[in-house]
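From a predicted model like this one, the values you see are computed outputs, not experimental measurements. Count residues from 1 along the sequence.
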Amino acid sequence: MAAMDFSQSQIQSQVQVLSQKQIQSLELLSLASADLRESVFRAVEENPALVITGDSFARGVDLKQGGAFRDGTRTSSRVSSAASLASDNFTAALEAHADKRQSLQEHLLSQFRVLPLSALELALGENLIRNLDSRGFHVLSPVTFLTNGRKNYEKNQVLLKKVMEIIQSLDPVGTCTSSTEESLLVQARLRGNASDFTLFILDGHLDFLDPPKADRVLLKFKMFKKEKEKLFGLSEKDQHYLSLTPDEEEVEKTLSFIRTLDPYPARDYSTLETHYISADISVEKIEDLPDSADEKDGIILTPNGAWLVKNERGVLPGIALNPEFLSLESNEDKKTLASKDELKVVSQSLSKARDFIEALNFRENTVFRAVCRIVSHQSEFFKKGPGYLSVLKQQDIAEELGVHESTISRMANGKYLQCEWGLFELKYFFTAASLGDQSRDRVMRMIGEILLEHKDDSKKLSDQKITDLLNERGVQVARRTVAKYRSLLNIDSSFTR
């Protein structure tokens with residue numbers, strides 16, 4: 001028997017560990033305004049070194065001038081008279097009709113925490129549940145919550161899949177998914193009585209149901225099957241789907257089954273997001289330029305005009321350091337009268353309070369700087385309105401600001417911008433160049449223009465004809481993509497127009 005060889009090796013690697021202060025800044029950055037408001041009140045409740053200086057959202061007060069934190073940090077607190085009136089009406093409605101329903105997160109957590117799971121599974125599941133929006137869909141990609149992502153990759157993927165499937169099976173069935181289509185597919189699989197053809201339709205082929213007529217759906221499936229059979233190297237799932245031979249009766253049963261599913265299973269649960277949306281930031285056109293124009297002041301000069309970017313505190317209350325704690329910290333006479341334990345509490349509380357205020361400022365500053373860059377890139381939109389977005393990726397803004405792309409992703413989540421064209425989520429302004437050098441927004445506008453130009457034609461334009469006309473204009477796009485964009489424009493197909 002050969003002798004066993006024992007040896008030691010030393011590996012040097014760099015690991016970046018975030019401080020608690022950085023983690024708090026990123027957490028606050030990712031919160032929507034309503035959730036941030038709740039976090040501010042929770043922080044004030046837990047830390048006596050913080051105090052609320054005013055709450056225009058609750059009282060309907062119109063603060064004419066920008067305010068400042070007690071430690072000298074500047075903050076904008078301008079609220080329009082219209083916003084004040086909306087605030088009064090909203091507060092009155094809340095007082096008259098209190099929402100006593102459970103939130104979706106509370107309902108799911110109450111079921112999830114009683115399951116016999118490991119500590120790792122419980123922690124991952126709670127993070128996934130808190131990551132759901134009001135519809136029960138993921139806000140951030142689920143893989144974000146895996147630790148040691150590169151190590152034990154397969155093991156982590158198995159763990160993630162297991163925990164997600166558990167949450168998806170909880171009441172209401174079909175949450176913890178990425179979209180309505182995935183939610184419907186999960187519901188169908190969990191019922192256990194869905195036909196293979198039903199699963200095929202829900203597995204990326206919902207567009208076959210436009211229009212939801214059995215003969216049309218069957219025709220589309222046969223055309224799809226004919227095209228797929230020409231390909232090589234199909235997966236087992238695709239081969240199984242291609243072996244299906246449904247008839248119109250089976251298609252009718254599929255249509256009836258799908259109608260019993262709920263596209264938004266989380267709709268019956270209380271959410272903050274659906275109550276009230278306020279702008280985190282605003283953009284206004286400048287007619288008369290000031291003598292000095294600087295992006296640091298929110299003034300953006302572009303070939304399409306000049307714009308002013310301003311922070312809007314919206315639903316956020318004013319917050320400051322407790323003056324009594326500050327006095328005790330700076331007054332030597334008072335220090336001599338206090339015990340060591342009292343001074344320690346004061347020092348620790350003020351340190352945490354300053355960190356919290358700094359994190360709020362980081363959030364506000366990041367949103368402000370990012371929107372200034374967005375306005376610079378999307379000036380044609382701010383001049384002409386929807387339909388004129390340029391190709392813009394989150395990575396582009398991240399590189400210009402010198403931050404990680406994930407920071408911009410957190411910044412755009414649940415934040416809203418007010419301009420003359422309406423209220424838009426910041427994610428709206430990021431659009432990839434999936435169609436050559438054209439953004440989805442521009443292609444959708446072109447589809448609307450084409451349909452308007454041919455509205456009086458005796459024969460309505462099919463999706464294929466629209467595709468051909470777009471190709472003539474230099475936009476290479478698939479027919480299926482045209483059907484998707486037409487649906488997003490709430491325009492019926494040629495069969496029902």
Side-chain angles (χ1 to χ4, degrees), residues 14-18 22-32 127 131 133 137-150 153 156-157 160 178-179 280-281 283 295-296 298 300-304 307 309 311 359 361-383 386-417 419 424-445 475-478 481 484-485 488:
Q14 285 186 330
V15 179
Q16 183 178 10
V17 180
L18 296 179
Q22 290 173 313
I23 293 174
Q24 184 182 53
S25 296
L26 293 176
E27 287 178 348
L28 295 185
L29 178 64
S30 65
L31 294 179
N127 283 332
N131 184 50
D133 63 16
F137 300 154
H138 305 300
V139 176
L140 300 176
S141 173
V143 297
T144 305
F145 302 99
L146 288 176
T147 57
N148 300 323
R150 295 183 180 179
Y153 176 80
N156 279 338
Q157 292 299 315
L160 180 62
S178 59
S179 64
D280 296 88
I281 201 158
V283 177
E295 187 168 313
K296 292 181 180 179
I300 312 299
L301 303 179
T302 74
N304 290 305
W307 314 93
V309 178
N311 279 314
N361 289 331
F362 170 78
R363 177 187 188 274
E364 187 174 89
N365 185 52
T366 301
V367 173
F368 177 81
R369 292 172 61 212
V371 170
C372 286
R373 293 286 79 222
I374 289 173
V375 173
S376 179
H377 285 278
Q378 304 288 15
S379 60
E380 191 174 4
F381 166 88
F382 290 101
K383 180 181 180 181
Y388 290 90
L389 281 180
S390 300
V391 173
L392 181 63
K393 295 182 291 185
Q394 293 181 355
Q395 182 182 357
D396 299 332
I397 300 299
E399 290 176 354
E400 292 183 19
L401 297 184
V403 298
H404 195 274
E405 186 177 347
S406 63
T407 300
I408 300 301
S409 177
R410 290 184 175 93
M411 179 281 305
N413 176 44
K415 316 297 187 304
Y416 290 85
L417 179 150
C419 65
F424 298 88
E425 191 171 9
L426 291 186
K427 290 190 292 186
Y428 171 80
F429 297 97
F430 295 104
T431 175
S434 57
L435 305 170
D437 60 350
Q438 300 291 337
S439 68
R440 185 182 76 167
D441 188 63
R442 289 181 183 270
V443 175
M444 289 176 65
R445 174 176 58 82
V475 179
Q476 301 299 318
V477 57
T481 303
K484 176 183 176 182
Y485 289 178
L488 290 173

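Atom OG1 of Thr407 and atom CG of Leu29 lie 6.5 Å apart (nearest 0.5 Å). Note that the CG atom of Asp133 and the NE2 atom of His138 stand 10.0 Å from one another [nearest 0.5 Å]. With rounding to the nearest 0.5 angstrom, the CD atom of Gln395 is 9.5 Å from the NE2 atom of His404. The distance from atom CG of Asp280 to atom CE of Met411, rounded to the nearest 0.5 Å, is 10.5 Å. Put simply, SG on Cys372 and NZ on Lys296 are 12.0 Å apart, with the number rounded to the nearest 0.5 Å. Here Ser406 contributes atom OG and Leu140 contributes atom CG; the two are 9.5 Å apart, rounded to the nearest 0.5 Å.
Residues meeting the salt bridge (charged side-chain N to carboxylate O under 4.0 Å, His left out) test with Glu27, sequence neighbours left out: none. Partners of Glu425 by salt bridge (charged side-chain N to carboxylate O under 4.0 Å, His left out), not counting sequence neighbours, listed by chain and number: Lys427. For His377, the side-chain hydrogen bond (donor to acceptor under 3.5 Å, both in side chains) test picks out Glu400, with sequence neighbours left out.
For the pair Val309/Glu295, no side-chain contact is recorded, criterion being any heavy-atom separation below 4.5 Å from C-beta on. Using a 4.5 Å heavy-atom cutoff, the side chains of Ile374 and Phe430 are in contact. No side-chain heavy atom of Cys419 sits less than 4.5 Å from a side-chain heavy atom of Trp307. For the pair Tyr428/Leu417, no side-chain contact is recorded, criterion being any heavy-atom separation below 4.5 Å from C-beta on. At a threshold of 4.5 Å between non-hydrogen side-chain atoms, the residues Phe381 and Pro386 count as touching. Looking at heavy atoms from C-beta onward, Leu401 lies in side-chain contact with Ile408 at the 4.5 angstrom threshold.
When all heavy atoms of Leu26 and Arg410 are compared, the pair lying nearest together is O-CD, 3.7 Å. Between Ser379 and Asn304, the shortest heavy-atom contact is OG-ND2, 2.9 Å.
Taking the six-membered ring for Trp and the full ring otherwise, the centers of Phe424 and Phe382 sit at least 6.0 Å from each other.
With Lys415 contributing its side chain and Leu31 its backbone, the two residues share a donor-acceptor pair below 3.5 Å. A distance-only check finds no donor-acceptor pair linking the side chain of Gln24 to the backbone of Ala359 [under 3.5 Å]. For Asn365 (side chain) and Phe362 (main-chain N/O), no donor-acceptor pair under 3.5 Å exists by modelled atom type.
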